[in-house]
Amino acid sequence: MDNQSSDDISLRILDEVTLDQHWFAVHVRSRHEFRVLDRLTQTGIEAFLPAVERLSKWKDRKKLIDFPLFPGYLFVRISKDYRDMLAVLKTNGVVRFLGLIPGEPEPVPDDQIISLKKLIENKEALDPYPFLREGHRVRIRKGPLAGVEGLLVKKHGKHLLVLSVDILQQGVSLKIEASEVEAI
């Protein structure tokens, strides 16, 4: 009984620590996204850099290379404690946290990060898309991307699901059949 109660207390403490953490967008030096990601990870900070593979061409060869989906930005999951924020800011290559009020970091909603991770893991052809406030919010009903939410947009006769990351004022688009989504 004592083991169970101490396990329950440990789980509650772990849940409280996890609930206290939020995703934040971080602006980094140009072309330093992958280096900053490595540095943050080595210090034990959970970081996420959405990257896509693109074919890069040189005179003599072609090669698939990972490119940041949002150049100059990555995401960290930390608490709002000043020590956690300072640890991120002291990381070589980090410029600042993003927020609507200068100097006041604003958390990125978890559902946006979860959806973005699903899109990246699926390895579909993603393209950067301008930030949108208008349009109908939709959710993919079935398949490997089930549950991903975004805006349904029609462009050149084709439907796109646009996932916007508010704090960056940027987004990504994915070609989709309108019949595969449901209104939220």
Side-chain angles (χ1 to χ4, degrees), residues 11-53 66-124 126-133 135 137-140 144-152 160-174 184:
L11 285 174
R12 260 187 275 139
I13 291 170
L14 185 61
D15 285 345
E16 288 173 15
V17 168
T18 314
L19 289 175
D20 187 38
Q21 292 188 332
H22 304 281
W23 285 101
F24 293 92
V26 177
H27 180 212
V28 299
R29 288 179 55 203
S30 179
R31 299 180 182 257
H32 282 73
E33 298 88 354
F34 291 101
R35 283 180 239 155
V36 171
L37 175 69
D38 290 340
R39 290 178 190 134
L40 288 168
T41 306
Q42 287 173 0
T43 60
I45 295 172
E46 184 179 356
F48 171 53
L49 174 61
V52 292
E53 279 188 342
D66 283 337
F67 285 96
L69 191 57
F70 305 118
Y73 300 99
L74 56 81
F75 303 94
V76 294
R77 185 173 174 82
I78 58 172
S79 69
K80 264 197 156 180
D81 182 61
Y82 76 94
R83 285 171 282 184
D84 287 350
M85 298 214 166
L86 192 57
V88 172
L89 288 172
K90 282 185 170 183
T91 303
N92 191 14
V94 170
V95 176
R96 65 185 173 94
F97 281 97
L98 296 184
L100 297 176
I101 301 169
E104 183 65 33
E106 184 173 325
V108 177
D110 283 344
D111 63 326
Q112 290 181 4
I113 298 295
I114 291 167
S115 293
L116 194 53
K117 283 184 173 186
K118 268 190 178 181
L119 288 176
I120 297 296
E121 288 170 7
N122 195 48
K123 302 246 184 224
E124 289 287 331
L126 298 174
D127 291 316
Y129 202 85
F131 178 74
L132 299 171
R133 286 191 188 268
R137 290 204 48 84
V138 295
R139 178 183 303 120
I140 297 178
L145 297 177
V148 171
E149 298 178 6
L151 299 172
L152 184 64
L160 304 172
L161 176 81
V162 178
L163 172 66
S164 295
V165 180
D166 299 336
I167 193 78
L168 299 182
Q169 293 189 357
Q170 294 188 36
V172 294
S173 67
L174 172 71
I184 298 177

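A quick note: this is a predicted structure, and the numbers were derived from the prediction, not measured. Counting begins at 1 with the first residue of the sequence. Computation of the quantities below employed the complete heavy-atom set of this structure, encompassing side-chain atoms and omitting hydrogens, waters and symmetry-equivalent molecules.
Using a 4.5 Å heavy-atom threshold, the side chains of L86 and D81 count as separate. The side-chain heavy atoms of P71 and E33, taken from C-beta on, include a pair separated by under 4.5 Å. Side-chain contact check for H22 versus S79: every heavy-atom pair is 4.5 Å or farther apart. Within the 4.5 Å cutoff, side-chain heavy atoms of F24 are placed close to those of K80. Looking at Q21 and I78, their side chains never come closer than 4.5 Å, going by heavy atoms from C-beta outward. Using a 4.5 Å heavy-atom threshold, the side chains of Y73 and P68 count as separate. Residues L98 and V26 are not in side-chain contact: their nearest non-hydrogen atoms beyond the backbone lie 4.5 Å or more apart. Looking at D111 and I113, their side chains never come closer than 4.5 Å, going by heavy atoms from C-beta outward.
The aromatic rings of F75 and F48 sit parallel to each other, their planes meeting at less than 30°, with 60° as the upper class boundary.
Here CZ of F67 is found 8.5 Å from CZ of F34. Values are rounded to the nearest 0.5 Å. The CG atom of L100 lies 5.0 Å from the CD1 atom of I167; values are rounded to the nearest 0.5 Å. Put simply, CG on L160 and CG on L152 are 8.0 Å apart, with the number rounded to the nearest 0.5 Å. Separation of atoms OG (S173) and CG (L161) is listed at 9.0 Å; rounding is to 0.5 Å. In this structure, L74 CG and L40 CG are separated by 6.5 Å, a value rounded to the nearest 0.5 Å. Atom NZ of residue K118 and atom CG of residue L163 lie 12.0 Å apart, to the nearest 0.5 angstrom.
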Requested in this report: Quick one: do L119 and E121 satisfy side chain to side chain contact (heavy atoms under 4.5 Å, CB included)? Show the steps, please.
Outcome: CA-CA 6 Å; L119 288 176; E121 288 170 7; over 6 Å; no

Query - side chain to side chain contact (heavy atoms under 4.5 Å, CB included) evaluation trace for R29 with V95 - result: CA-CA 6 Å; R29 288 179 55 203; V95 176; 4.1 Å; yes

Requested in this report: Go through the steps to decide whether F70 and L49 satisfy the test side chain to side chain contact (heavy atoms under 4.5 Å, CB included), and finish with yes or no.
Outcome: CA-CA 8 Å; F70 305 118; L49 174 61; over 6 Å; no

Query raised in the report: Checking side chain to side chain contact (heavy atoms under 4.5 Å, CB included) for the pair E46/V76: CA distance, chi angles, key distance, verdict?
Result: CA-CA 6 Å; E46 184 179 356; V76 294; over 6 Å; no

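Residues R77 and D110 are paired through a salt bridge, judged by an N-O separation under 4.0 Å between the basic side chain and the carboxylate.
The main-chain N or O of V138 is never found under 3.5 Å from a side-chain atom of E149 such that the two would form a donor-acceptor pair. The backbone N or O of Q112 sits nowhere less than 3.5 Å from a side-chain atom of S115 that would complete a donor-acceptor pair.
Scanning all heavy atoms of the two residues, the minimum distance from V108 to A25 falls at CG2-N, 3.8 Å. Taking all atoms of both residues into account, the shortest heavy-atom contact from P50 to L116 is CG-CD2, 3.7 Å. Of all non-hydrogen atoms in M85 and F97, the two that sit nearest each other are O-CE1, 3.6 Å.
The neighbour count for R137 CZ, taken as heavy atoms of other residues, nucleotides or ligands under 6.0 Å away, is above 12. The local environment of CD1 in I101 is sparse, with at most 12 non-hydrogen atoms from other residues, nucleotides or ligands closer than 6.0 Å.
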